[in-house]
Every structure is written in C-alpha cells, then in structure tokens.
Amino acid sequence: MPSYTVTVATGSQWFAGTDDYIYLSLVGSAGCSEKHLLDKPFYNDFERGAVDSYNVVVDDELGDIQLIRIEKRKYWLHDDWYLKYITLKTPCGDYIEFPCYRWISGESEIVLRDGRAKLACDDQIHILKQHRRKELETRQKEYRWMEWNPGFPLSIDAKCHKDLPRDIQFDSEKGVDFVLNYSKAMENLFINRFMHMFQSSWSDFADFEKIFLRISNTISEQVMNHWQEDLMFGYQFLNGCNPVLIQRCVKLPENLPVTTEMVECSLERQLTLEQEVELGNIFVVDFKLLDGIDVNKTDPCTLQFLAAPICLLYKNLANKIVPIAIQLNQVPGDENPIFLPSDAKSDWLLAKIWVRSCDFHIHQTITHLLRTHLVSEVFGIALYRQLPAVHPIFKLLVAHVRFTVAINTKAREQLICKYGLFDKANATGGGGHVQMVQKSMQDLTYSSLCFPEAIKARGMDNTEDIPYYFYRDDGLLVWEAIREFTAEVVDIYYESDQVVEGDQELQDFVKDVYMYGMRGKKASGFPESIKTKEKLSEYLTVVIFTASAQHAAVNFGQYDWYSWIPNAPPTMRAPPPKVKGVVTIEQIVDMLPDRGRSCWHLGAVWALSQFQDNELFLGMYPEEHFIETPVKEAMARFRKKLDTIVSVIAERNKKKKLPYYYLSPDRIPNSVAI
C-alpha cells in the first residue's frame, strides 16, 4: 500500500505548540485518503519549535497530491497551534512543500496547497479554483473595513487587539502594551519620579539634564550640546526625524513679507533675496497644516498652545542650510512679527523652538502615523482580502505587513484614542491630531509615496547642489534596490503586460486600496487598476518602501532627536510672542513642557525608538512562502545589494560627527510593527 512521509514543523514563538489531536487527509487527482491521526506513542507531538515526521499509509493510489487538509480537535484545553509548513515525501520519492505560517485556533481545519506560486489563470483544475475562491470568501468575512474617524483611511474592523484575526495578532500582546512600555521606559531611564509632576516647571535649560540619559558620542548628546545653533536647526530638516517638509523656494510666500534688508546679514553672496531665490539658495518649510487646529484642553490646569509658522532657510557658501526668517503664524501683521537671526538671542531662540515644536507635531501625526502606519495598514487589509496565499504578490508582500494591523489597532485602543496616552503630553492631543489627519488626506497622493518623485517635487533632488541630504541619498539607494527586486519577481510570474491586466485578483487588491484606503478620491492619484509590469513593480516598491525604509527613517531616530526636550517640545505653555524684545530665557523655560509631560514624552520616544524582539530586517524572509529557485535567487541578489548599501553608508558615516544610519538596510525592519 502507498506510504507517505509527512514532516510537520511547529513555530518557535511562545505558545506555538499544541496538545490537541492533529489529523491529516491527502487530496489527490485520483482520490482522497482517510483522515489520519498524527501521533507517535510515548512522545509529545507538536512542541514549540519541533519538526516531527510521521508515516501515513493509504489504501489506494491518490495520483498527484493537490491539497492537504489539517484538522485540529480538542484534547483537554483549547490552545492555538502555529503551523510553519508540512513537507510530503511521496511513494515515488518526490518531495512536496506546503507552506502554512498560520495559527490554527480552537477546533478547526485548514486546507493547504503546495508552495508553488500561481496566478488564477494558472489554475485549470476545479478543486484548486474552488480552494482559491473559498479562501478569499473566508478572509473577506474576517478582514472587514471600518471607518475609525471620518475622513481617515479605512482601517480594520476591530475594537481591540484580541478582536483581530489570530494570524495578524502579535505573538505576545504584552509586548505592545503602550502603557506598560512607556512606564517601563521611564523606569529604565530613571525618570519615573517625575512622571506625575504636572504643572511643575523646570528651573533652567540645564535642569532638563535630570531626565536626559547622557551617552557620549551619540546624536542625542550632540543635540543637547548644539541645539541652539542655527546649523543644527537647519540640519534637522535634512536628516532629522522629519526630513520630508523642506522644499526649494521658487517664489517667496505672499503671506511672508520678508525683504532683503531684513535678512541681508545672513546672505553671504552679496545678492538680493530675490536673486538668491532665483539661484535656488532659498528653502521654505511651511506649517500651514497646523493653522486652525484645536489645541489640547484635556487638562484644565494647563493651558497649551499651537502655532503655524513659516520658516525661510538659506544655503550658505559652505552648502549648509540655516534659518534666516521665521514668522510664527500664517497671517502677517503687527502682532505677527518676522523673527530674524539679528534679533535678540532670546527672541530668535524662542522662534526656533516654536518651529521645532510644530515640526514635532507634523512629524508624529502626519509623517509617521498617517503616511507610514495608516497607509501600510490599508495595503495589509487589502492584501488579505483580495490575494490568496498561493498568489505570488501575497507571498512577496506578507512579510511587509507583519504586525502592522496589530500595532495600529493597539494604538487606536491605547494611544491615539480619546483620553489616550497621546493626550498626556502633546499639544495636538484631545482631538487636534484627528483634525490634522483629516486635513492632510488631500495631500496624501500616490506620487508623494514614490520616493524619487517626492524628492523631486520638493526641488531637493540635485545631489551636487544640496550635498548633505543623506535621507535622500540613502533613500534612493534603498528604493532602487527594492525596485530591482520587485521587477525580478514580476518578470518571473508575469510574462507580459496583458497577464498583469488580466490578473483579476491583483486588480481587486489595487481597487480595494483605492476605494477603501484612499476613499475613492481620484485626486489622490492612486491607481484603480494596473496594466503594465513596470507599473506593478513600482506599486510593489511603494508598498515595501513605505512599510520598511520610510517608516525606519521617520521612527527610529526619535530618541536621538527628541530626547533633549527643548529641541522638540511636545507642547508649549504660553502663546507665540506678538512682539519682539520682551521675552527672557527664564520665560522660555516656563513655556516648555512641565516635568510630568517631559517624562511621558521621553518615555514615548524611547519606547518608539526600540526594535522589536526578534526583529526581521529588510531582505530577511525566514518564512519560506516562496519555494521556487528563481525567486530564492532573486532574494539572494536583493540581500547582496542591501549589504553593499550597508557598507557604503558605514564608510560615509566614519567621517561624520552626526552619522546618518536610519536608512542603512541592517536597521530597516521589514514592516511597521512599532
């Protein structure tokens, strides 16, 4: 009688093993086997990290094995089981791999296909077509769209983490408890004694050192030592946490009535301001998004304030970017002066602090939350709803949406919800952050997620003209490596543009993103369909780059740049000045966050800057969804290119007092998971 050897691999994460009864059935072209209990006497089967083998003898020839069915039945207590893969050795000696990488919960069953990636047009056998259709029908019932707030990209229909489908939950929910993590961060930083001291001001700038973890030769120490300098202020727009706002000024803003006479002491080329604009030496950062945003009023004992500045910057003869004019609100007037480097030191310092604070708000809510977290969640939900596990695009992208829906659900549960942690320390808490996302949706375009296009649209693409923009330089290297990799994968599975256009599952995925994620807005520029291999490769590059490189660039430097509180205050406790020449350094210190808010802010940026345990970095694909040699070879070439980029960045950083490493591939996690 025919005998098969079945090898079963159980996951190595916590609680992956099971004591339940596991049954296996084989479905072949010539018939189906009986249900076989996988059990060895006097042996603990399916332990965490185990690889177990069993002999399965069938009565009749089954022909080519098309599917395997796994059933889990209760033994004593219900537990979940994480099945990595099953390998089948046939009576002929052939090996067939069945990737799974899924949780099997309660008393349930799953049906697996072999690991070869297939488009729908490749399936000619009825049972395989039916399996494909049923998988998507089941997923679409589990992965439902929901509007968390009007105008937001749609998110997953789940009120809390435990409501999520098991396959996209964190392995351990405790690891992503924001309250626990922030409190633990404050304890690790030895600042928890200050965490309840709201309304208690610091005595001077040096007093902030009581909560500052001084580590020599780090970016955070450089920030503490040089934060008041114009060079450090300008540098952060290029290579800090929010390097996406600065743009070349092609015309002076009409609502910023600055003149050559005002700034001539900053212009080193003996030219007029207008001439400097024509030469491309003037840059602008406009925080108009913050105009009209409601300020945080959740604490009646503390008044908090916002501004909406316009900051003009200048490229000096050393090719460094420095500020030359700051107006703290959008409407010019006598009570909205333009602050200049030639003003009193305290006036100019306060103006820069306001800009840094506003930059923090835009960074956290738009650059970080909306444009990486929420966008990646849209891609993730659409992926699970429209692409079956056998589809090559699902196999390619699933690693890049790992834990993204889970972290966002946890954030909606604890962080950005009403009375959440975001309200504790931030001036845009209490609803202002929601208004910001709603306003910013009109600027969330497909082209703005295409890294080279976004850089060019801001006039920041000339490497000789702007030589110290490492975010741009490293980002372009990583973007190109991802694009080449996705193009290779597309070439393997799509023979022509016609095959791309005819892939209905792919088109449904793209349409789901457009209709639900981007709310069907044509102005977003998101494609409703994809018709060519080149456009498909670009689209896949956007998905992977956003989830990996872009998130890394704007997330993991938060402790570096935000741990010195005066450099990026999360709130201000006095309104922007209406006149010059009256503010003192003592008054500036009083405007900065109190001790309690400073500590919650510090706990947050520390926790957000840490990698997950067992982090998977760009190019790492330990879950072998693909089994074909050509794709594995493409992955190997991808990793080799990434290793080269790591070396290039490391060599450059050797000569830098302020190294830029956020886009080094060995520091870029595969997905948004923190």
Side-chain angles (χ1 to χ4, degrees), residues 219 230-251 267-269 271 275-285 311-324 359 367 371 447-485 487 538 541-542 544-546 548-554 557 560-561 618 641-668:
I219 291 175
D230 288 355
L231 283 173
M232 178 64 84
F233 178 89
Y235 178 88
Q236 291 180 73
F237 286 117
L238 297 176
N239 301 308
C241 270
N242 198 25
V244 302
L245 295 186
I246 187 170
Q247 53 187 342
R248 195 184 295 273
C249 182
V250 294
K251 181 186 176 186
L267 305 181
E268 298 179 355
R269 295 175 178 84
L271 301 172
Q275 288 171 324
E276 295 280 17
V277 169
E278 285 180 24
L279 288 174
N281 295 324
I282 303 297
F283 300 82
V284 65
V285 181
C311 179
L312 212 61
L313 300 115
Y314 175 65
K315 186 185 72 173
N316 64 21
L317 289 173
N319 285 326
K320 302 293 176 68
I321 304 291
V322 292
I324 59 171
D359 190 61
T367 309
R371 298 181 69 88
S447 62
S448 71
L449 298 179
C450 294
F451 190 80
E453 287 185 45
I455 294 290
K456 194 170 185 178
R458 292 188 286 112
M460 302 295 291
D461 51 316
N462 191 320
T463 55
E464 291 184 10
D465 206 26
I466 312 165
Y468 302 111
Y469 197 12
F470 308 127
Y471 163 74
R472 171 203 60 205
D473 301 341
D474 300 354
L476 288 170
L477 291 176
V478 175
W479 171 275
E480 186 57 24
I482 295 172
R483 191 201 61 76
E484 288 178 10
F485 172 53
E538 178 188 77
T541 305
V542 166
I544 296 173
F545 187 89
T546 301
S548 58
Q550 186 60 26
H551 179 255
V554 303
D560 288 345
W561 296 101
L618 191 60
K641 285 171 190 166
L642 295 176
D643 288 342
T644 301
I645 296 171
V646 170
S647 300
V648 168
I649 292 172
E651 186 62 31
R652 179 199 65 210
N653 284 340
K654 283 180 184 177
K655 308 163 190 171
K656 301 294 177 189
K657 284 185 179 178
L658 278 174
Y660 186 82
Y661 44 71
Y662 309 117
L663 282 169
S664 182
D666 58 343
R667 291 171 175 257
I668 299 176

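Numbering starts at 1 and runs along the sequence shown. Just so you know, these numbers come straight off a predicted model, no measurement behind them.
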Starting at CD1 of I282, measure out to CG of L267 and round the result to the nearest 0.5 Å.
-> 6.0 Å
Are the side chains of S664 and I645 in touch, meaning some heavy atoms are under 4.5 Å apart?
-> no
Taking R371 for the side chain and Q550 for the main chain, is one N or O donor matched with an acceptor at less than 3.5 Å?
-> no
Write down the atom of L658, the atom of M232, and the distance for their closest heavy-atom approach.
-> CD1-CE, 3.9 Å
State, to 0.1 Å, how close V646 and P665 come at their nearest heavy-atom pair, and which atoms those are.
-> CG2-CD, 3.6 Å
Flag the pair V284 / Q247 as yes when at least one side-chain heavy-atom distance between them is below 4.5 Å, and no otherwise.
-> yes
Which of parallel (below 30°), tilted (30 to 60°) and perpendicular (above 60°) describes W479 and F545?
-> perpendicular
Spatial distance of atom CD1 (I455) from atom SG (C450) [nearest 0.5 Å] | 12.0 Å
Any pair counted as salt bridge (charged side-chain N to carboxylate O under 4.0 Å, His left out), so long as it reaches residues 658-667, sequence neighbours left out | none
State the CG-CG distance between N242 and D359, to the nearest 0.5 angstrom.
-> 4.5 Å
Does K656 reach the side chain of F470, with side-chain heavy atoms less than 4.5 Å apart?
-> yes
For I649 and Y660, which heavy atoms make the closest approach, and how far apart are they?
-> CG2-O, 3.6 Å
Sort and list the pairs that fulfil salt bridge (charged side-chain N to carboxylate O under 4.0 Å, His left out) and have at least one residue in residues 447-459, not counting sequence neighbours.
-> none
Between OH on residue Y314 and CD1 on residue I321, distance to nearest 0.5 Å | 10.5 Å
Atom of R483, atom of T541 and distance for their closest heavy-atom approach = CA-OG1, 3.3 Å
Would you sort out whether D473 and R652 count as a salt bridge (charged side-chain N to carboxylate O under 4.0 Å, His left out), showing the intermediate values?
-> CA-CA 11 Å; D473 301 341; R652 179 199 65 210; 5.3 Å; no
Hey, can you tell me if Y469 and Y471 have their rings parallel, tilted or perpendicular (30° and 60° cut-offs)?
-> tilted
In a check of side chain to side chain donor-acceptor pair (under 3.5 Å) between R248 and each of D461, N462, D465, which one passes?
-> D465
Shortest non-hydrogen separation from L317 to E268 and the atoms involved = N-OE1, 2.9 Å
Looking at F283, does the NZ or CZ of K315 lie under 6.0 angstrom from its six-membered ring centre and within 45 degrees of the ring axis?
-> no
For R472 and I466, indicate whether the former's side chain and the latter's backbone hold a donor-acceptor pair under 3.5 Å.
-> yes
For residues F233 and C311, determine if any side-chain heavy atom of one lies less than 4.5 Å from a side-chain heavy atom of the other.
-> yes
Look up atom CG in N319 and atom CD in E464, then write down how far apart they are to the nearest 0.5 Å.
-> 10.5 Å
Kindly indicate whether the side chain of L663, heavy atoms from C-beta on, has any atom under 4.5 Å from the side chain of L477.
-> no
Locate the shortest heavy-atom distance separating P323 from D230; write the atom from each residue and the value.
-> CD-O, 3.4 Å
Interatomic distance, L313 atom CG to C249 atom SG [nearest 0.5 angstrom] | 10.0 Å
Heavy-atom donor-acceptor pair, N239 side chain to Y468 backbone, under 3.5 Å = yes
Any side-chain heavy atom of S548 sitting closer than 4.5 Å to one from V478?
-> no
